[in-house]
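Here the structure comes first, spelled out in structure tokens, and everything after it is commentary.
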Number of protein chains: 2
Amino acid sequence: MQKKNSATIYDVAHRVGVSLATVSRVVNGNSNVRDSTKRKVLDAIEELGYHPNAVARGLASKKTTTIGVVMPDVTDVYYSELARGIDDVANMYHYDVLLTNTDEDPVRETMAVNNLASKQVDGIIFMGNELDHEVLNTISGVNAPVVLAGSVDSEKRLPSVNIDYVAAIKEAVGAVIKNGHDRVAIVTGPVEHAINGMHRLVGYKMALEEAQIDFDETLLFSTHQDYAAGLQVAERILATGATAVVTYDDEVAIGIMNYLRDHGKRIPEDFEIITSNDTKFTIVTRPQVTSIGQPKYDIGAVAMRMLTKLMNNEVIEVTQVKLPHTLERRGTTLN
Amino acid sequence: MQKKNSATIYDVAHRVGVSLATVSRVVNGNSNVRDSTKRKVLDAIEELGYHPNAVARGLASKKTTTIGVVMPDVTDVYYSELARGIDDVANMYHYDVLLTNTDEDPVRETMAVNNLASKQVDGIIFMGNELDHEVLNTISGVNAPVVLAGSVDSEKRLPSVNIDYVAAIKEAVGAVIKNGHDRVAIVTGPVEHAINGMHRLVGYKMALEEAQIDFDETLLFSTHQDYAAGLQVAERILATGATAVVTYDDEVAIGIMNYLRDHGKRIPEDFEIITSNDTKFTIVTRPQVTSIGQPKYDIGAVAMRMLTKLMNNEVIEVTQVKLPHTLERRGTTLN
DNA sequence: TTGAAAGCGCTAACAA
DNA sequence: TTGTTAGCGCTTTCAA
């Protein structure tokens with residue numbers, strides 16, 4: 001059971017008695033080939049078990065039919081859903097996906113982008129909350145189109161696909177305010193991720209302003225992105241006298257919810273919770289968690305679709321795409 | 001801000017006044033270069049912003065420093081954790097990861113493997129419950145080492161990294177039997193995935209036998225892999241008079257749990273539940289779900305480590321690696 | 001320590 | 001409709 005040293009295009013050409021060019025033509029579906037020779041070539045390909053070498057092809061054509069995806073963590077349900085959307089449409093257009101995890105470390109993000117560039121990817125989709133200035137620079141230096149998915153570039157230099165975060169947060173905060181809460185806490189990610197936090201804060205403040213509620217800095221929290229962090233921050237939130245919270249992460253939200261219930265709070269009667277990512281986590285708990293609804297899969301899919309156009313040198317009309325969001329009312333909010 | 005047509009190795013050589021070979025040597029850390037010329041080359045590389053073209057390199061050296069990862073679905077928390085383990089050690093050894101989702105469709109699995117082969121990956125890590133015979137064949141025809149992660153090849157032809165599924169299920173079932181249950185249901189994946197189901201069944205039957213409980217076919221269930229499926233199957237399970245269940249999927253387990261509680265069952269007093277994947281889902285619910293504990297990240301990491309050895313033509317002592325599993329006792333089982 | 005030169009397997013003008 | 005012929009950018013003997 002030994003591995004055959006795979007046949008090359010030369011072997012096929014030789015076998016049929018035609019030139020390399022002809023074989024190349026039939027392999028690439030070029031029409032300028034007589035049917036009869038096409039047949040013969042196809043047969044030879046079959047017999048020899050010839051599979052084109054994509055690397056050689058890439059070198060010669062300067063197209064690798066491979067795109068790079070840079071993301072914080074495959075393990076993160078939010079991003080992995082975007083990734084799935086990306087992958088599905090990538091396949092649809094016959095691109096393969098080179099995946100890199102960065103944990104949102106700017107150093108690794110920069111390395112990832114450079115590495116992808118040296119691998120000659122035809123395009124890159126970048127995900128990550130914060131768009132570090134240096135990362136942005138190396139991205140714009142890359143000789144391939146890049147589109148951001150679920151991430152914002154405050155300078156709007158790069159094409160991107162998102163929801164309107166500001167509006168979404170404003171609506172979420174507005175919803176609990178409307179239910180009578182005037183001390184609503186907000187929890188965002190690690191402070192390093194300035195942009196992410198900023199966007200949320202803007203929406204938060206807009207909602208307060210609209211309800212004529214004074215901004216209280218003590219109602220601001222930032223945590224790591226996991227269940228335990230939610231458990232921990234909940235105590236501090238409780239201490240502020242807040243009666244509602246809007247969070248950036250679903251696991252954090254559930255951590256908060258469980259802590260509060262353990263400490264005598266009824267959800268949603270005594271305390272309301274809204275989270276942001278609408279992952280599966282929000283539906284397996286009791287009560288289910290109210291969340292901003294995001295078309296996660298579509299964000300990835302649309303971003304990838306956009307990238308295919310860019311790789312094709314097509315002109316893009318709208319480069320800053322905002323997909324619609326919703327508010328999925330579930331058990332952690334009243335009505 | 002225009003994209004420079006990136007410099008080639010030729011440009012560097014020309015600039016310094018040395019040959020391509022010399023530049024290649026310093027780029028690849030070959031020691032046979034005089035320090036002074038090395039300096040000059042490095043400087044030129046810096047000045048020109050030269051980045052080696054990995055595609056050309058791949059063609060010439062027949063090594064792409066890229067591996068392929070074939071998996072059911074990035075979105076699946078279980079597999080994505082394996083993927084993270086794979087990616088981390090892949091990076092450690094300077095490999096990039098080409099990712100493909102297959103949804104466990106044999107046709108797509110076959111295509112994925114072939115595609116990866118034509119992209120000349122140096123190795124492949126394959127994940128997927130069932131190892132279809134045809135898939136197995138195309139895998140063994142590929143001219144690159146392949147290792148299975150979290151997947152079983154009943155013929156044991158391929159190197160693999162797993163836990164001992166049979167033993168794990170046996171322990172889980174044994175645990176609830178020990179707690180006094182003699183009617184324990186077991187739910188496995190879609191029947192198409194024969195192997196997966198089989199393995200679990202073997203462990204299940206062993207536990208019954210050890211407790212001298214007769215096997216009852218009506219206690220066998222198979223469902224799709226999501227929360228809603230759990231909700232649905234729960235009703236049927238209840239109808240059998242079962243008082244405990246062991247499931248293959250965490251979301252399904254939670255669906256079952258929530259359904260049962262809605263129908264008056266106290267968990268774990270009236271009904272015990274054990275699941276298999278120990279994902280984050282098991283800890284965000286109340287009660288938390290008892291689960292077989294699997295070193296998911298490590299399964300991926302070890303598989304990848306194994307692959308690096310194979311790609312290096314090193315000899316592997318043990319090809320069928322079984323990593324240790326545990327039983328994480330939480331709130332859905334007594335004591 | 002360095003260079004010359006032959007590929008790696010394919011694409012893409014350009015000719016015929 | 002088909003073939004010839006340069007490359008694509010790099011690695012790798014083999015010599016020097």
Side-chain angles (χ1 to χ4, degrees), chain A residues 4-42 44-45 48-66 94 115 117-122 143-144, chain B residues 4-42 44-45 48-66 94 115 117-122 143-144:
Chain A
K4 60 229 157 204
N5 258 345
S6 33
T8 72
I9 195 172
Y10 174 83
D11 299 323
V12 177
H14 186 75
R15 171 122 175 183
V16 182
V18 294
S19 71
L20 302 188
T22 299
V23 178
S24 177
R25 287 191 187 98
V26 349
V27 168
N28 293 295
N30 188 312
S31 53
N32 293 333
V33 182
R34 189 188 301 152
D35 264 0
S36 60
T37 68
K38 186 174 172 180
R39 279 241 70 74
K40 286 190 263 181
V41 170
L42 253 14
I45 286 177
L48 294 173
Y50 167 69
H51 290 283
N53 178 323
V55 173
R57 199 189 276 208
L59 183 58
S61 70
K62 302 191 159 297
K63 293 200 173 313
T64 54
T65 61
T66 300
H94 304 294
N115 181 241
S118 83
K119 290 250 168 157
Q120 313 299 121
V121 295
D122 295 337
N143 190 27
Chain B
K4 59 230 156 203
N5 260 345
S6 33
T8 72
I9 195 174
Y10 173 83
D11 299 324
V12 177
H14 186 75
R15 170 119 172 188
V16 183
V18 295
S19 71
L20 302 187
T22 299
V23 177
S24 177
R25 288 192 186 97
V26 349
V27 167
N28 293 296
N30 187 312
S31 53
N32 292 334
V33 183
R34 190 186 301 152
D35 263 0
S36 60
T37 68
K38 186 174 174 182
R39 279 242 71 76
K40 285 191 264 181
V41 170
L42 254 16
I45 286 176
L48 294 173
Y50 167 69
H51 290 283
N53 178 323
V55 173
R57 198 188 274 205
L59 182 58
S61 69
K62 303 192 159 297
K63 293 200 173 314
T64 55
T65 61
T66 300
H94 303 295
N115 182 239
S118 82
K119 289 250 168 157
Q120 315 297 123
V121 294
D122 296 336
N143 190 27

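Here is how names work: the chains are called A, B, and so on, in the same order as the sequence lines, proteins then strands, and each is numbered from 1. The model shown is predicted, which means the values in this text are computed figures rather than measured ones.
- The stretch residues 54-64 of chain A touches DNA chain D through A:L59, A:A60, A:K62, each having a heavy atom under 4.0 angstrom from the strand.
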Task: B:T66 and A:K119: CA distance, side-chain angles, deciding distance, side-chain hydrogen bond (donor to acceptor under 3.5 Å, both in side chains) verdict - done: CA-CA 10 Å; B:T66 300; A:K119 290 250 168 157; 2.6 Å; yes
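- Using modelled atom types, one side-chain atom of B:N30 and one backbone atom of B:N32 make a donor-acceptor pair closer than 3.5 Å.
- Considering only heavy atoms from C-beta on, A:H14 stays 4.5 Å or farther from A:L48 through its side chain.
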Return the polar atom pairs (N/O with N/O) between nucleotides 13-15 of chain C and the protein under 3.5 Å, or none.
none

Task: Trace of the side-chain contact (heavy atoms from CB on, under 4.5 Å) decision for B:Q120 with B:T64 - done: CA-CA 7 Å; B:Q120 315 297 123; B:T64 55; 3.8 Å; yes
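- When heavy atoms are screened at a 4.0 angstrom cut-off, A:N32 is found touching base atoms of the nucleic acid.
- The residue among B:T37 and A:Y10 whose nearest nucleotide of DNA chain C lies closer to the 5′ end is B:T37.
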TODO: Apply the test side-chain contact (heavy atoms from CB on, under 4.5 Å) to residues B:V41 and B:V18: give CA-CA distance (whole Å), side-chain angles for both, the deciding distance (0.1 Å), then the verdict.
DONE: CA-CA 8 Å; B:V41 170; B:V18 295; 4.3 Å; yes
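- Scanning both residues, B:T8 and B:Y50, for their nearest heavy atoms gives C-CE1, 3.5 Å.
- Proximity of B:T22 to B:S19: side-chain heavy atoms (C-beta onward) are separated by under 4.5 Å at one or more points.
- A close approach under 4.0 Å does not occur between any side-chain nitrogen or oxygen of A:T8 and OP1 or OP2 of C:dG9.
- Taking the side chain as every heavy atom from C-beta outward, A:V33 and A:K38 approach each other to under 4.5 Å.
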Task: A:L42/A:I45 under side-chain contact (heavy atoms from CB on, under 4.5 Å): CA gap, chis, key distance, verdict - done: CA-CA 5 Å; A:L42 253 14; A:I45 286 177; 4.2 Å; yes
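- Atoms CG (A:L48) and C1' (C:dG9) sit 15 Å apart, rounded to a whole Å.
- Smallest separation of non-hydrogen atoms from A:D122 and A:K63: OD1-CA, 3.6 Å.
- For the pair B:L20 CG and C:dC8 P, the computed distance is 18 Å after rounding to whole Å.
- One finds a side-chain N or O of A:S24 lying less than 4.0 angstrom from the OP1 or OP2 phosphate oxygen of C:dT11.
- Contacts of A:V27 with the nucleic acid, taken as non-hydrogen atoms under 4.0 Å apart, are absent.
- On the nucleic acid side, DNA chain D has its first and last nucleotide under 4.0 Å of a heavy atom of chain B at D:dG9 to D:dT12, going 5' to 3'.
- As judged by a 4.0 angstrom heavy-atom cut-off over every strand, B:T22 is placed among residues touching the sugar-phosphate backbone only.
- To the nearest angstrom, P of C:dC8 lies 18 Å from CG of B:N53.
- Between A:Y50 and B:D35, the residue anchored nearer the 5' end of DNA chain C, judged by the nucleotide with its closest heavy atom, is B:D35.
- Contact annotation: the side chain of A:T37 never approaches that of A:V26 to less than 4.5 Å [non-hydrogen atoms, C-beta and beyond].
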